[in-house]
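All chains are named by letter (A, B, ...) in the order of the sequence lines, taking the proteins before the strands, and each is independently numbered beginning at 1. Note that the structure is predicted; figures quoted are calculated from it, not measured.
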There are 2 protein chains.
Amino acid sequence: MPETPLVSIRDVANHAGVSVGTVSNVLNRPDIVASATRARVLAAITELGFVPNDAARQLRRGRGRTLGLVVLDVANPFFTDVAKGVEDTTGAAGMAVIFCNSDGDLTKENAYLDLLEEQRVQGVLITPIDDASARLHRLRDRGVRVVLLDRRSPEAGVCSVSVDDRLGGELAMRHLVESGHRRIAFVGGPHRLEQVRDRYDGALQALTGAGLGEDNLRRYETPALTVAAGRDAAARILGQPRRTRATAVFCANDLLALGTLQVLTRQHIRVPDDIALVGYDDIDFAAAAAVPLTSVRQPRQRLGQTAAGLLLEEANRPETHRHQQVVFEPELVVRESSQRILTEG
Amino acid sequence: MPETPLVSIRDVANHAGVSVGTVSNVLNRPDIVASATRARVLAAITELGFVPNDAARQLRRGRGRTLGLVVLDVANPFFTDVAKGVEDTTGAAGMAVIFCNSDGDLTKENAYLDLLEEQRVQGVLITPIDDASARLHRLRDRGVRVVLLDRRSPEAGVCSVSVDDRLGGELAMRHLVESGHRRIAFVGGPHRLEQVRDRYDGALQALTGAGLGEDNLRRYETPALTVAAGRDAAARILGQPRRTRATAVFCANDLLALGTLQVLTRQHIRVPDDIALVGYDDIDFAAAAAVPLTSVRQPRQRLGQTAAGLLLEEANRPETHRHQQVVFEPELVVRESSQRILTEG
DNA sequence: GCGAGTTTATGAAACGTTTCACATAGTCGC
DNA sequence: GCGACTATGTGAAACGTTTCATAAACTCGC
């Protein structure tokens, strides 16, 4: 297959009998060129099948038309919903998203950040694995705009869009405590993820708020926030002697909860009668689970839209842009997995 | 925030006391430069924090380091698993993926293809909405490599990686017929999606193979392959008088099946006793559903890996590359949603 | 210590745009 | 019919790389 020699702006110019500058003007500021010429150039463009080369434009302009989105796990519907939000906003602005999956692996995260930097993206939306402030600062210093996603920025110099994870943990735990549970398991990890820590801290706070203590909450750390990790954690919980075993489980996300639920069901542990279960994120599948899952809902799509919006604003109006930390509030959605079914009462 | 003047290959050259050509050589063919010089250049690179500009490289070389992936629905775990497979392969090759979500909308699909063309991507992996052969041909003629994903190419000139959807439909339907069902509903759409048509055709074929006819299969067309569309379809099915209502439902994918299941459960229709249910894709959530879902499994991740592999091969060794149509075989995974539970028998 | 060969480095051209200072031609008021 | 505008178009420089023909400096064998 012979590489077809691509047609450039120069070919278009020749074909239309104008200069290259004029063709460029037709493309970028059509209003300043006389309508007759404009029509002629446009005709030449379609006739030759000209497609502008974004690399050349980018080289000249300094930055490209893409932005990077770095998430912890593509397979997690939470992130795909966020991605959808991002895409809503960028698509409307004619920009493209380079989608990167760090998979919770610092090496991959760094590799992708390098790559995005080489692409001279407009900016990066990232849910970092750890605080990584050094790395992110370096990015910023090189002119790459950064917006933290699902993570609150500790400093004023960076935009961030997040959900109040402490509050979310608090809501979940308060609900369990009010349902009478006193031996509760927290499933989540790795601990270096801020979301996990915050949700745990929130849970603890609800506990002490109710006059209970740290010994009412047993923590099961997982290596990742996945269904498989949830299954493992459930096995560990069930390894406890029945009399001291937790009567309720709060999982740091829905995937963990679904994994946990699978194991419980398979072992004929009744949910919620024997063990109550609460997840986090309220992904669409939570409601469709074996036992519909109580979960803490986050505005996933809005998270993405807002983050992309902040980035675009920073890119397009740097002079008026003020960095801001947007924090959404989560909401507890109670379903069957955490409350006795009424018909049985 | 002042745009930091980025450091270029020329700055590195000056700093290291060599020519720009040499720096470029260090970057691209380190073996041909003397190790002392190489070390000096490398030192200068880290010292100045030099990051190569991929746009410039791309401009010179003709094509970039990215490829496009266009899917029908980001929110569908089937596609995120495929994407993960793609990423496995491209990541290892140091390439980036521009992830595009056509959302089943032809306008969006076209917009993204334009954008990818302007980016001068190495190639495009796409699950097209319709056959769109004209559009894809134009792409090919302009030197953009195309690999069809989850869709068999009708012509020899294009690589494709797919799963035998007719066979999948056949497996599902044969299973239901053998379980004694005679009034079966097919839920799926839109009809212009080839996957949907093939799965339906396969189902029909199993039916006639069993000596039954088209009137045993009632079709419920959906506007999309989503959970919400599944809920609507279920409502329509339940709108039928009980005596003529289907006793089994075959859904063109798992999202539809999960939506259907939700409605059935909420209406206290027992699955599988009152209505049996079979899905398609065997996404991870199928096994974790309210009633574990019988489904037709596809090698999702391998689909992505293979497609990306073919594209890279075509890009790197165009002379030896032969276009091929890879077709995987699906596999029926029987779970509770389609068979009476033994303990009840 | 010379010619042939090898290794290593150089510098300029080219890639396809955008941008900007400048040229040209037309319009207007008087 | 002149000066001052305005509207429109031009052409070359610049962006940061890669590549390639060529130069310079070594290394041999004799």
Side-chain angles (χ1 to χ4, degrees), chain A residues 3-42 44-45 48-66 115 117-122 142-143, chain B residues 3-42 44-45 48-66 115 117-122 142-143:
Chain A
E3 284 288 324
T4 315
L6 288 181
V7 8
S8 82
I9 214 177
R10 169 154 288 113
D11 303 315
V12 174
N14 290 339
H15 195 267
V18 298
S19 74
V20 292
T22 301
V23 177
S24 174
N25 283 336
V26 170
L27 259 26
N28 301 299
R29 303 120 89 192
D31 41 304
I32 75 159
V33 21
S35 65
T37 341
R38 196 192 320 142
R40 205 144 33 91
V41 171
L42 255 19
I45 286 179
L48 298 179
F50 165 73
V51 176
N53 184 332
D54 203 56
R57 161 180 312 184
Q58 184 178 148
L59 177 57
R60 188 54 236 242
R61 286 243 188 107
R63 292 230 158 266
R65 244 155 31 103
T66 54
L115 193 143
E117 224 181 322
E118 296 190 14
Q119 297 295 324
R120 300 291 191 270
V121 290
Q122 282 282 347
R142 296 226 186 91
Chain B
E3 283 287 324
T4 316
L6 288 180
V7 8
S8 82
I9 214 179
R10 168 155 287 113
D11 303 314
V12 174
N14 290 338
H15 195 266
V18 298
S19 74
V20 291
T22 301
V23 177
S24 173
N25 283 335
V26 169
L27 258 27
N28 301 301
R29 303 120 89 193
D31 41 303
I32 76 158
V33 21
S35 64
T37 341
R38 196 191 320 142
R40 205 144 33 92
V41 171
L42 255 19
I45 286 178
L48 297 179
F50 166 72
V51 177
N53 183 332
D54 203 57
R57 161 180 313 186
Q58 184 178 148
L59 177 56
R60 187 56 235 243
R61 286 241 187 110
R63 291 227 159 269
R65 248 159 22 106
T66 54
L115 191 144
E117 223 180 323
E118 295 189 15
Q119 296 295 324
R120 300 293 191 266
V121 290
Q122 282 283 345
R142 296 226 186 90

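Contact check for A/Q119 versus B/T66: side-chain heavy atoms found under the 4.5 Å cut-off. Residues B/V23 and B/R10 have side chains not in contact (no heavy-atom distance under 4.5 Å, counting atoms from C-beta outward). Side chains of B/I45 and B/L27 form a contact here, defined as non-hydrogen atoms less than 4.5 Å apart. Between A/L42 and A/R38 there is a side-chain heavy-atom pair separated by less than 4.5 Å.
A side-chain donor-acceptor contact under 3.5 Å links A/R40 to the backbone of A/A16. Listed for the A/D11 side chain is a donor-acceptor partner under 3.5 Å among the backbone atoms of A/S8.
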Below 3.5 Å between N/O atoms, which protein atoms pair up with nucleotides 12-19 of chain D? Just atom names and distances, please.
from: D/dA14; atom 1: N3; to: A/R60; atom 2: NH1; distance (Å): 3.0
from: D/dT17; atom 1: OP1; to: B/N53; atom 2: N; distance (Å): 3.4
from: D/dT17; atom 1: OP2; to: B/I9; atom 2: N; distance (Å): 2.6
from: D/dT18; atom 1: OP1; to: B/N28; atom 2: OD1; distance (Å): 3.3
from: D/dT18; atom 1: OP1; to: B/N28; atom 2: ND2; distance (Å): 3.0
from: D/dT18; atom 1: OP1; to: B/R57; atom 2: NE; distance (Å): 3.2
from: D/dT18; atom 1: OP1; to: B/R57; atom 2: NH2; distance (Å): 3.4
from: D/dT18; atom 1: OP2; to: B/S24; atom 2: OG; distance (Å): 2.7
from: D/dT18; atom 1: OP2; to: B/N28; atom 2: ND2; distance (Å): 3.1
from: D/dT18; atom 1: O2; to: B/R60; atom 2: NH1; distance (Å): 2.6

Report each atom pair, protein N/O against N/O of nucleotides 21-28 of chain D, whose distance is under 3.5 angstrom.
none

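A/N14 places its CG atom 11 Å from the P atom of D/dT10, with the value rounded to the nearest Å. The CD1-P distance, from B/I32 to D/dC20, rounds to 11 Å in whole Å.
In plain terms, the two heavy atoms of A/F50 and A/I9 that are nearest each other are CE1-N, 3.5 Å.
The one candidate from A/R65, A/R63, A/R60, A/R120 that meets the salt bridge (charged side-chain N to carboxylate O under 4.0 Å, His left out) condition with A/D54 is A/R65.
Contact check, B/T37 against C/dA9: a side-chain N or O comes under 4.0 Å of OP1 or OP2.
Closest contact between the side chain of B/S19 and the listed nucleotides C/dG11, C/dT8, D/dT10 involves C/dG11.
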